[in-house]
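Remarks on the structure that follows.
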Amino acid sequence: MSDEPKKPFYITTAIAYTSGKPHIGNLYEIVLADAIARFMRFSGYDVYFQTGTDEHGQKIQDKAEAAGMAPQTFVDMISGEIRRNWDVMNISYDRFIRTTDPDHMAKIQKIFKRYYEQGDIYKGMYEGWYCKPDESFYTESQLIDGKCPDCGRPVEYAKEEAYFFKLSKYAKRLEEYIESHPDFIQPESRKNEMLNNFIRPGLKDLCVSRTSFNWGIPVDFDPGHVVYVWIDALANYITFPGYNPDGEDEPSFKKYWPADLHLVGKDIIRFHTIYWPIMLMALDLPLPKKVFGHPWLLVGGGKMSKSKGNVIYADDLVHSFGLDAIRYYCLKEMPFAQDGNLTYDLIIDRVNGELVNILGNLVNRTMAMTNQYFDGVIPAKYIDDAMDSDLINEASTLFERVSEKMADLKISDSMQLILDLFRRANKYVDETQPWVLAKDPDKRERLGGVLYNLLEVIRISACLIRCYLPDTGDKMLKMLSCSDNSMESCLSYGLLVPGTKLGESEKLFERIDPVKQMAAVEEYLANKPKSAAEAANVIAAAPAAEQPSDNTPDEGSYITIDDLGKVELKVGKIISAEKHPDADKLLILKVDTGEKIRTIVSGIAKYYKPEEITGRTVTVVANLKPAKLRGIVSEGMILMAEHDGKLSFVAPSDDIPAGGSVR
RNA sequence: CGCGGGGUGGAGCAAUAGGCAGCUCGUCGGGCUCAUAACCCGGAGGUUGGAGGUUCGAGUCCUCCCCCCGCAACCA
């Protein structure tokens, strides 16, 4: 080994918002970062991997209140839960940070003040339509009939004092930086999006303080203001490694900054490639080398959401399928720039088809043959012909080929290379037919050589597999009685020492029976206790949900018979229907409800053509407050039943005339 | 003309700089028995969403059109 100091490599994930328990989509980013961090360490870099939680803001204040907790207690709980989830996934972060850390908060105040003093931040007015009872601002387009879209009460045009960051001042520099650093934004399509949609049209100044809530870092020179999310959250990347706003930076900061890679979801790439670089420019700091906006992990083809009820948690998956199976899935199934998909069926396919059949089976059969033919002792090297050199060549060049893919952040492709080697090795077994060689005493040397080659393939790939599936890689090395897991050992073929006794054989992955496993998953999910953090997710979802779900209602969610009486339902006949001229999803219906002909705008254009619903008998909510939808006033609502994207009218039979009441 | 992503054998995806359209799964047939009903070989299956154009040559470049998916506006 050389005495040169290792090259530093600083990698971050976005920090997780402490509003509830993270789902597998959130975890995917962390696993991705972990694999990169482990690979860079393996490749000889001095890696600093930072992740953590973002803990301020109105939403958290609201949720804490809804949960009946003090905000700090609430974020302590959620942050702990998030960290526990990271740990469940075996994440090798070097530091887990929290934005409620006093040291961080003090630095943010200083940074904020410096911006203000240099004239990058000025005090202005946040303007909009304000609904007093709701304490919320709305834009012109959000208003309904000029009233609050939430509660329907009148709004007033109001201004709130706020500080703004002058982005325009740095826009030109940023544009030049992005153009002269083609690797800065990845994937490249995002780069064009940022330039064309945001930077070139002109950046609007960014609101960086609020007075309407107080769960945040106070602006020390202006009581009543708290720092709004951007500066607080993004600056974690510099405050924690040791940036010092008013003095000498800590050595660790000098070593690691600028960051080599910010790994973030594609939804927040804008903040990391526009606001964050500008904030750094204003501090005279160098910009991060690369920002990668990764795709999303979807569930069943759609985005995970609480209202859809398709949220999947990482710890549940790990419980049902095993840690490395889930890590493998996250890393292997996700393409570089396209959203990936997760279903139980796909997980089972991957595990059985690749981890069990290809990887596990090769290890298993190699171990079994070595045990059977050589009493579990590593036989002597014996290289014979072209058959061998092909395999050996593929194994010896594995690191180099994987490394190329990793440099481009093509994680899935890099793992495919490892899997391909195992496919090649399985083929090698068939080509050489050790069981035939075993029958001929003259071929004993050759038999030993074949097994030696296979064991070497396992050893070399195990070193690399440790970066992605740490437990699995370790198990493989242990079976080989090999303790050297260095990159150097991965580069040279033939390091296993003949005569060494192998370790105990162990199945790396168990085959999953799809039917049995799915039954077990359902049973587990139905019976497991809900953690407090998951409960917070439910609380979080509640204000948005219009109806209690179909669970047995608890006391609080019952309505009284009087409440029901408030809803006036009537039978109506659709007299005419036409498409809304200015909307894709809406139909404009004229509905006879006995007392009058109503105009009802309904969002069913995707499901029904106007002509096919004319004349239908339907159920109408008659006393619903009229609302303007895309410019047309709708007087009421048609009841529909919905399942799996299919709609059906909730309708009385056609012999009930218009105007009939519904009870 | 809102922004963006995408249409490739049954399914999911590849195809660096235009150059024989590949891979995995599934399916059909064969082989093998060391192995977790696994592994190996072979076959069938595609006018690359459509129509034009550039070119010796187009999945790839240009023009127009159709369809799907996110986000946004509009799900009362």
Side-chain angles (χ1 to χ4, degrees), chain A residues 139 141-142 144 149 152 187 189-190 192-194 196-198 201 266-267 295-296 298 301-303 332-333 335-341 343 345-346 349-373 404 408 410 412-413 416 419-420 422-439 447 450-451 454 505-513 546 580-588 600-607 620-621 623-640 642 647:
Chain A
T139 61
S141 62
Q142 285 175 302
I144 294 173
S189 57
R190 300 279 158 203
N192 302 328
E193 200 178 335
M194 293 303 124
N196 295 335
N197 290 351
F198 299 104
K266 63 181 183 179
D267 50 329
W296 284 332
L298 308 175
K303 209 174 160 181
K332 178 82 192 322
E333 199 58 22
F336 173 68
Q338 262 172 274
D339 291 340
N341 197 9
T343 66
D345 287 347
L346 284 170
D349 280 355
R350 283 292 156 256
V351 171
N352 284 346
E354 292 173 6
L355 293 178
V356 175
N357 291 351
I358 307 297
L359 197 162
N361 184 43
L362 189 271
V363 172
N364 190 44
R365 66 201 302 209
T366 304
M367 289 295 292
M369 285 189 282
T370 312
N371 285 328
Q372 195 174 325
Y373 304 138
E404 263 172 45
D408 293 338
K410 304 274 173 72
S412 174
D413 290 356
Q416 186 60 44
L419 199 70
D420 286 345
F422 276 85
R423 286 185 200 280
R424 181 66 191 84
N426 272 314
K427 183 173 176 162
Y428 176 78
V429 174
D430 261 57
E431 289 168 342
T432 53
Q433 303 184 54
W435 52 92
V436 174
L437 298 173
K439 284 175 190 153
L447 173 64
V450 165
L451 291 177
L454 289 168
S505 278
E506 178 183 5
K507 276 188 186 173
L508 291 173
F509 297 97
E510 286 291 340
R511 172 171 306 282
I512 299 171
D513 178 321
E546 305 86 84
H580 194 300
D582 203 20
D584 304 330
K585 289 184 188 169
L586 301 180
L587 290 183
I588 302 168
I600 295 180
V601 182
S602 182
I604 55 173
K606 271 175 95 170
Y607 306 95
V620 176
V621 180
N623 60 343
L624 192 66
K625 187 179 139 54
K628 204 198 269 181
L629 287 175
R630 200 68 179 181
I632 297 195
V633 176
S634 176
E635 311 160 283
M637 172 178 175
I638 312 261
L639 293 187
M640 307 289 299
E642 188 262 336
L647 281 191

Interatomic distance, CD@A:E510 vs CD1@A:I512, rounded to 0.5 Å, equals 9.5 Å

When rounded to whole Å, the CD to P distance for the pair A:E354 and B:U24 reads 11 Å

Residues passing the side chain to side chain donor-acceptor pair (under 3.5 Å) test with A:D349, sequence neighbours excluded, are none

Looking only at heavy atoms, the pair that brings A:G636 and A:I600 closest together is O-CG2, 3.6 Å

Comparing nearest nucleotides in RNA chain B, the 5'-proximal residue of the pair A:N357, A:G636 is A:N357

**OP:** Please measure how far the C1' atom in B:C23 lies from the corresponding atom in B:A14, and state the result in whole Å.
**Re:** 7 Å

Here the distance between atom C1' of B:U24 and atom CG of A:D413, to the nearest Å, is 13 Å

Between A:V429 and A:R365 the two heavy atoms that sit nearest each other are CG1-NH2, 3.5 Å

| message | Using a 4.0 Å heavy-atom cut-off, does A:L437 contact any base of the nucleic acid, only the sugar-phosphate backbone, or nothing at all? | response | nothing

Which side-chain N or O atoms in residues 354-363 of chain A pair as donor and acceptor under 3.5 Å with protein atoms at least two apart or in another chain?
unit_1, atom_1, unit_2, atom_2, d
A:E354, OE1, A:Y328, OH, 2.5
A:E354, OE1, A:K332, NZ, 3.0
A:E354, OE2, A:K332, NZ, 3.4
A:E354, OE2, A:R350, NH1, 3.3
A:N357, OD1, A:R511, NH2, 2.5
A:N357, ND2, A:N352, O, 3.2

ask   = Which value, in whole Å, describes the distance between the C1' atoms of nucleotides B:A72 and B:G4?
value = 11 Å

Under 4.0 Å between any heavy atoms, over every strand shown, what does A:V601 touch: base, sugar-phosphate, or nothing? Just pick one. sugar-phosphate

Between CG of A:D420 and P of B:G22 the distance, given in whole Å, is 17 Å

At under 4.0 Å between heavy atoms, what does A:N361 touch on the DNA or RNA strands: base, sugar-phosphate, or nothing?
base

Rounded to the nearest 0.5 Å, the CE atom of A:M367 sits from the CD atom of A:E506 at a distance of 9.5 Å

(Q) If I pick the P atom on B:G22 and the same atom on B:G46, what distance separates them, to the nearest angstrom? (A) 14 Å

Separation of B:C23 atom C1' from A:R424 atom CZ, nearest Å, is 17 Å

Sequence neighbours excluded, the answer for side-chain contact (heavy atoms from CB on, under 4.5 Å) partners of A:K427 is A:R424, A:E431

Paired runs of 3 or more consecutive Watson-Crick or G-U pairs involving RNA chain B, with both pairing distances under 3.5 Å, are B:2-7 with B:66-71, B:10-13 with B:22-25, B:27-31 with B:39-43, B:49-53 with B:61-65

Atom NZ of A:K410 and atom C1' of B:C13 are separated, to the nearest Å, by 14 Å

To the nearest angstrom, the CD-C1' distance between A:Q416 and B:U24 comes to 8 Å

Checklist line | Span that lies between the P atom of B:G7 and that of B:A44, in whole angstrom | finding: 27 Å

Taking every heavy atom of A:P434 against every heavy atom of A:V450, the minimum-distance pair comes out as CG-CG1, 4.0 Å

Nearest heavy-atom contact between A:V621 and A:L639 is CG2-CD2, 3.7 Å

Check the interface with nucleotides 25-34 of chain B: list each N/O to N/O pair with the protein under 3.5 Å, or write none.
unit_1, atom_1, unit_2, atom_2, d
B:G31, N2, A:D430, OD2, 3.3
B:C34, O2, A:R365, NE, 3.1
B:C34, N3, A:R365, NE, 3.4
B:C34, N3, A:R365, NH2, 2.6
B:C34, N4, A:R365, NH2, 2.9

Rounded to whole Å, the CD-P distance (A:E333 to B:C23) equals 19 Å

Contacts of A:Y373 meeting side chain to side chain donor-acceptor pair (under 3.5 Å) (sequence neighbours excluded), chain-then-number -> none

Does A:K427 make a side-chain N or O approach to OP1 or OP2 of B:C39 shorter than 4.0 Å?
no

What interatomic distance, in whole Å, is found between P of B:A21 and the corresponding atom of B:G9? 15 Å

On RNA chain B, more 5' by nearest nucleotide between A:N426 and A:S602 is A:N426

In whole angstroms, the gap separating P of B:C39 from CG of A:L355 amounts to 13 Å

dist A:R423:CZ -> A:N426:CG (nearest 0.5 Å) comes out at 9.0 Å

Checklist line | Between B:C71 and B:G45 - C1' atom distance, rounded Å | finding: 38 Å

Q. Say you pick atom P in B:A37 and the same atom in B:G42; how far apart are they, in whole Å?
A. 24 Å

- Query: B:G12 and B:U8: how far apart are their P atoms, nearest whole angstrom?
  - Reply: 8 Å

